Structures are given as C-alpha cells and as structure tokens.
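Input: a single structure, listed below in structure tokens.
Atom set for the values below is all heavy atoms of this structure, side chains included, hydrogens, waters and symmetry mates excluded. Since the model is a prediction, treat every value here as computed from it, not as a measurement.
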Protein chains: 2
Amino acid sequence: MGFFSKTCEYALRAVMYIASQSSDGKKVGIKEVADKINSPLHFLGKILQNLSKEGLIQSTKGPQGGFYINPDGLKRPLADIVIAIEGTQFLNGCGMGLSYCSQENPCPLHDDFKEIRDRLNLMLHKTTIGQFNDKLIQGVLTLNK
Amino acid sequence: MGFFSKTCEYALRAVMYIASQSSDGKKVGIKEVADKINSPLHFLGKILQNLSKEGLIQSTKGPQGGFYINPDGLKRPLADIVIAIEGTQFLNGCGMGLSYCSQENPCPLHDDFKEIRDRLNLMLHKTTIGQFNDKLIQGVLTLNK
DNA sequence: TAATTAAAAGATATTTTTGTCTTTTATTGT
DNA sequence: ACAATAAAAGACAAAAATATCTTTTAATTA
C-alpha cells in the first residue's frame with residue numbers, strides 16, 4: 001500500500017489535471033480525465049462527484065459540460081483534498097493509532113510523529129491546487145502511470 | 001483512516017510492549033499483549049506470527065512459552081516492522097501513486113514528498129525497537145487506547 | 001419539443017483489510 | 001506417556017476499499 005489511499009491518489013491527480021485545463025473556462029469530461037491520469041472511469045466518477053459536493057471542483061451536465069475549477073478553487077491548498085478524502089485523522093491522529101495520545105499521555109512516537117505530521121501539513125497547506133498548471137501544460141510534470 | 005494500517009499500528013504497539021518485557025528473558029503470552037495494547041486477540045496472533053517468521057520477534061509454545069525479543073532484536077530499527085507489514089512501497093513509493101515517477105519523470109509533488117519521506121525514513125531507521133523500554137516500564141509512555 | 005450529451009446516482013461485484021473462532025502442533029511439567 | 005499450556009495454523013465472517021455497469025437527471029443544441 002502507498003502513503004495515501006488509491007481514492008486520494010486519483011483525487012490529487014484528477015484535480016491537478018482538471019486545474020491545468022481550467023485556465024480559460026475550459027471544461028473536461030470524465031473520460032478524458034480518467035484517461036489522462038490513468039484511473040478507472042466510474043470509480044473516478046464517484047470521487048469527482050464527492051469533490052464537487054464539497055465545492056472543491058465544479059461541474060455541469062449536458063453538451064459542452066464537464067469538470068472545471070474556478071479561479072478561487074485554484075488557490076485552495078492540497079490539504080483540502082486530502083482532508084475531504086482521508087479525513088482529519090490522517091493528518092492529525094496518533095501514528096500508533098491511540099485515540100487518547102497527547103502531550104500529557106504520549107505514545108512512544110508522539111514527538112517524532114508530530115514533527116513529521118507538521119511537515120506534511122505544512123507542505124499540503126502551502127501547496128495550491130493550481131500551482132502546477134504551467135508545468136503540467138508544458139509537460140514537465142506527469143500525472144499518468 | 002490513519003497514517004499506518006491497523007495491522008501496522010498493532011504491530012508497533014505489540015512489539016514495543018514485548019520489547020519492554022523482554023529485558024531478563026521474560027516471555028509474554030498473546031493474551032497479555034492484546035490486553036495491554038488494546039487489540040483484537042486473534043488478529044494480533046496472525047500479526048505476531050508473521051513478525052516471528054521474519055525474525056523480528058521470537059516465540060516458544062507450551063507452558064512458560066510466549067513472545068519475546070532477543071537482545072539483538074531490541075537494537076533493530078522500527079523501519080523493519082513497518083517494511084515487514086506495509087511493504088517498501090509505503091516508504092519509497094510515489095505519493096501520488098505513479099509507478100514511473102522519478103527525478104527525470106516527476107509527479108508534481110515529487111520533491112516535496114521526497115523530503116517528507118526522507119524524514120520519515122530517517123526517524124524510523126534511527127529509532128530502535130527497544131529504545132522506549134525504560135519509559136514504558138516506568139509508565140511514562142502509553143500503548144493502550 | 002426532441003435528440004444528444006455528460007454528470008449524478010444507484011446497484012452490484014470484487015478485493016483487501018480487519019476480525020473471530022476452531023483445530024493443530026510444539027513444549028513443559030508431572 | 002499424559003495432561004496442560006500456549007503459539008501456529010486454518011477456516012470463516014464482516015467491513016471497507018476498489019471497481020464496474022446501468023439508469024436517471026440536467027443541460028445543450030437542433
């Protein structure tokens with residue numbers, strides 16, 4: 001297993017792809033997204049549907065419809081996606097799975113984990129959804145395979 | 001979901017508990033371990049069985065039997081447990097799930113993730129299984145709930 | 001209004017993870 | 001040898017994650 005769940009991996013890749021295509025009000029169909037990020041079509045459908053409900057991406061049905069991200073959305077941090085999918089536990093919970101773990105009642109890895117989680121949080125909060133648009137369009141960065 | 005799988009969380013807690021009880025050749029039964037780390041008994045049984053096969057812990061059957069960790073084992077890094085359970089992918093794979101992700105063909109998060117993974121690896125490799133024995137015995141650190 | 005398009009929603013299937021229960025095997029002590 | 005103990009092993013079940021397929025709803029265009 002990877003660091004994030006498959007669901008979260010697909011979500012991150014898909015959102016970044018949609019972002020990179022959303023510059024001039026363009027919309028992309030789910031078939032294109034699934035193809036470009038190499039994910040199962042209908043499974044991705046559910047994921048995008050949820051992200052859409054959360055307001056992280058936008059969509060319209062019908063001809064010329066598809067998914068897109070509005071300018072404000074491009075400025076949101078990646079953390080929003082991760083939290084929407086993995087929940088807050090992933091970024092804030094105890095590394096050893098203890099629910100009462102705290103500074104007063106610490107697990108053996110409490111301090112070490114706090115530092116690593118802090119770094120992960122920092123990274124996910126300072127990085128925005130639209131941050132990679134240019135390099136994705138240029139083809140310098142990859143989202144496929 | 002947490003950072004590690006339940007299996008890995010139980011494993012880390014159990015191994016640390018067994019370690020803390022292994023100072024003077026003492027052995028602990030699985031019932032005691034499951035109770036002390038608050039995990040499902042038989043599920044933990046499978047986990048310890050696997051760790052035993054990997055040589056990360058030792059066990060003997062029969063009266064006065066149980067699980068223990070030999071002096072060399074106490075010096076091994078936590079990374080050995082995590083790798084035994086989560087696989088190398090967890091500590092080395094691409095954060096976005098791409099199998100061809102590399103410095104030459106990077107995903108958008110390649111560099112950021114590398115730094116976080118490096119820190120996690122460093123921590124898990126410098127921390128040993130037996131490192132918390134004293135504080136666990138003193139009750140300064142917790143493994144339960 | 002009708003046909004077409006594309007996401008939303010629902011139903012179902014598969015796989016993996018997590019968990020429980022029972023039987024077997026190995027060890028110890030009598 | 002026999003009984004008791006405790007892990008190993010196997011069978012099975014429940015829940016969650018992953019995946020596929022079909023139907024419905026909303027939007028567009030002709």
base_contact_polar (dT25(C) base, K61(B) side chain, donor-acceptor, <3.5 Å):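 Side chain to base: pair found, below 3.5 Å.
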
If you measure from OG on S22(B) to CD1 on I57(B), what distance do you get to the nearest 0.5 Å?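 If we round to the nearest 0.5 Å, S22(B):OG and I57(B):CD1 are 9.0 Å apart.
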
Would you tell me if any nitrogen or oxygen in the side chain of [X] comes within less than 4.0 Å of OP1 or OP2 on [N]?
{"X": "S52(B)", "N": "dA8(D)", "value": "yes"}
{"X": "Y10(A)", "N": "dT18(D)", "value": "no"}
{"X": "S59(A)", "N": "dA8(C)", "value": "yes"}
{"X": "Q64(A)", "N": "dA27(D)", "value": "no"}
{"X": "T7(B)", "N": "dT18(C)", "value": "yes"}

Given side chains that start at C-beta, do those of L143(A) and L136(A) come closer than 4.5 Å, heavy atoms only? yes

Side-chain heavy atoms of Y68(B) within contact of V28(B), under 4.5 Å: no

Spacing of [X] atom [atom1] relative to [N] atom [atom2], expressed in whole Å:
{"X": "I37(A)", "N": "dA19(D)", "atom1": "CD1", "atom2": "P", "result": "11 Å"}
{"X": "K27(A)", "N": "dA8(C)", "atom1": "NZ", "atom2": "C1'", "result": "16 Å"}
{"X": "I47(B)", "N": "dA9(D)", "atom1": "CD1", "atom2": "C1'", "result": "15 Å"}
{"X": "Q49(A)", "N": "dT20(D)", "atom1": "CD", "atom2": "C1'", "result": "15 Å"}
{"X": "I30(A)", "N": "dT5(C)", "atom1": "CD1", "atom2": "P", "result": "17 Å"}
{"X": "Y68(A)", "N": "dA27(D)", "atom1": "OH", "atom2": "P", "result": "11 Å"}
{"X": "N50(B)", "N": "dG19(C)", "atom1": "CG", "atom2": "P", "result": "15 Å"}
{"X": "L51(B)", "N": "dA9(D)", "atom1": "CG", "atom2": "P", "result": "13 Å"}

Upstream residue (5' side of DNA chain D) when P63(A) and L44(A) are each assigned their closest nucleotide: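 Looking at the nearest nucleotide for each, L44(A) comes out on the 5' side.
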
DNA chain D: S5(A) or G66(B), which has the more 5' nearest nucleotide? G66(B)

Taking any heavy-atom pair under 4.0 Å as a contact, classify [X]: base, sugar-phosphate, or nothing.
{"X": "K31(B)", "answer": "nothing"}
{"X": "K53(B)", "answer": "sugar-phosphate"}
{"X": "V33(A)", "answer": "nothing"}

Centres of the F113(B) and F4(A) rings: under 6.0 Å?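 That pair passes the under 6.0 Å test.
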
Using the rule salt bridge (Lys or Arg N to Asp or Glu O under 4.0 Å), only one of D112(B), D111(B), D118(B) pairs with K114(B); which is it?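 Single pass found, and it is D118(B).
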
Do S5(B) and E86(B) get their side chains close enough for a donor-acceptor pair, meaning under 3.5 Å? yes

Side chain of F43(A) only, please: which of dA8(D), dT18(D), dT20(C) is the nearest? dT18(D)

Name the residue closer to the 5' end of DNA chain C, choosing between K46(A) and T60(A) according to the nucleotide with the nearest heavy atom. T60(A)

